[in-house]
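For reference, the structure is listed below as structure tokens.
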Amino acid sequence: SPFRRCEEPPMPLKSKEVSKSPRSRISQLEAANVRAAAQQTADSLLLQFQRQGFADPHHAAAQCLQRSLELLGSGPTKEHFGPLKEDFSQRGPQAVVVPDEFK
């Protein structure tokens, strides 16, 4: 059975796990959560800009994240990234044409 009974002794921990402090483990879990949230955020932005019809949704998502870092007061600035290949502030997303059958 995959479940241990209460009276069985616990399985021994690997030596690698024993040497890690609880704070170290918490830091690892926090870092993993940040990575997961970052991936979800990037995926969500990419999907949003794809749905809105941007010509380059990857660039739009990267620009959005860059601006977010600037607003937070951390991370690289516009000077770090160099000139943008497209300025989305002056142009909205491409128009999505609805097929006649949905009108």
Side-chain angles (χ1 to χ4, degrees):
S1 149
F3 301 102
R4 290 186 298 124
R5 296 164 86 165
C6 291
E7 62 268 10
E8 291 180 27
M11 296 181 69
L13 296 175
K14 297 176 185 173
S15 61
K16 186 178 179 182
E17 292 176 8
V18 173
S19 65
K20 292 183 182 178
S21 70
R23 287 193 191 278
S24 173
R25 183 68 181 137
I26 289 170
S27 293
Q28 288 177 337
L29 292 172
E30 288 174 342
N33 283 336
V34 169
R35 285 191 305 275
Q39 183 65 56
Q40 290 172 349
T41 301
D43 290 344
S44 175
L45 286 172
L46 185 58
L47 181 61
Q48 175 182 341
F49 290 121
Q50 285 173 338
R51 286 181 176 164
Q52 291 177 357
F54 277 81
D56 186 351
H58 285 88
H59 180 72
Q63 184 179 9
C64 181
L65 291 170
Q66 176 185 343
R67 298 290 185 249
S68 296
L69 286 172
E70 292 170 3
L71 291 171
L72 290 171
S74 63
T77 61
K78 287 184 260 186
E79 293 77 27
H80 175 80
F81 286 107
L84 298 171
K85 65 179 181 178
E86 208 174 340
D87 185 5
F88 294 115
S89 63
Q90 301 300 316
R91 178 185 73 81
Q94 296 175 350
V96 178
V97 179
V98 179
D100 290 335
E101 66 186 31
F102 294 112
K103 289 183 178 181

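Note that the structure is a prediction, hence the values are computed from the model and not measured. All heavy atoms count here, side chains included; hydrogens, waters and symmetry mates do not.
- Checking each of Arg51, Gln52, Gln50 against Gln48 for a side-chain contact (heavy atoms from CB on, under 4.5 Å) leaves exactly one that passes, namely Gln52.
- Contact between Ala61 and Leu45 at its shortest, heavy atoms only, is CB-CB, 4.0 Å.
- Separation of atoms CG (Leu71) and CD (Gln66) is listed at 10.5 Å; rounding is to 0.5 Å.
- Atom CG of residue Leu65 and atom CG of residue Leu46 lie 10.0 Å apart, to the nearest 0.5 angstrom.
- Within the model, atoms CD of Gln63 and OG of Ser68 stand 10.5 Å from one another, a figure rounded to the nearest 0.5 Å.
- Side chain of Thr41 to backbone of Ala37: a donor-acceptor contact under 3.5 angstrom is found.
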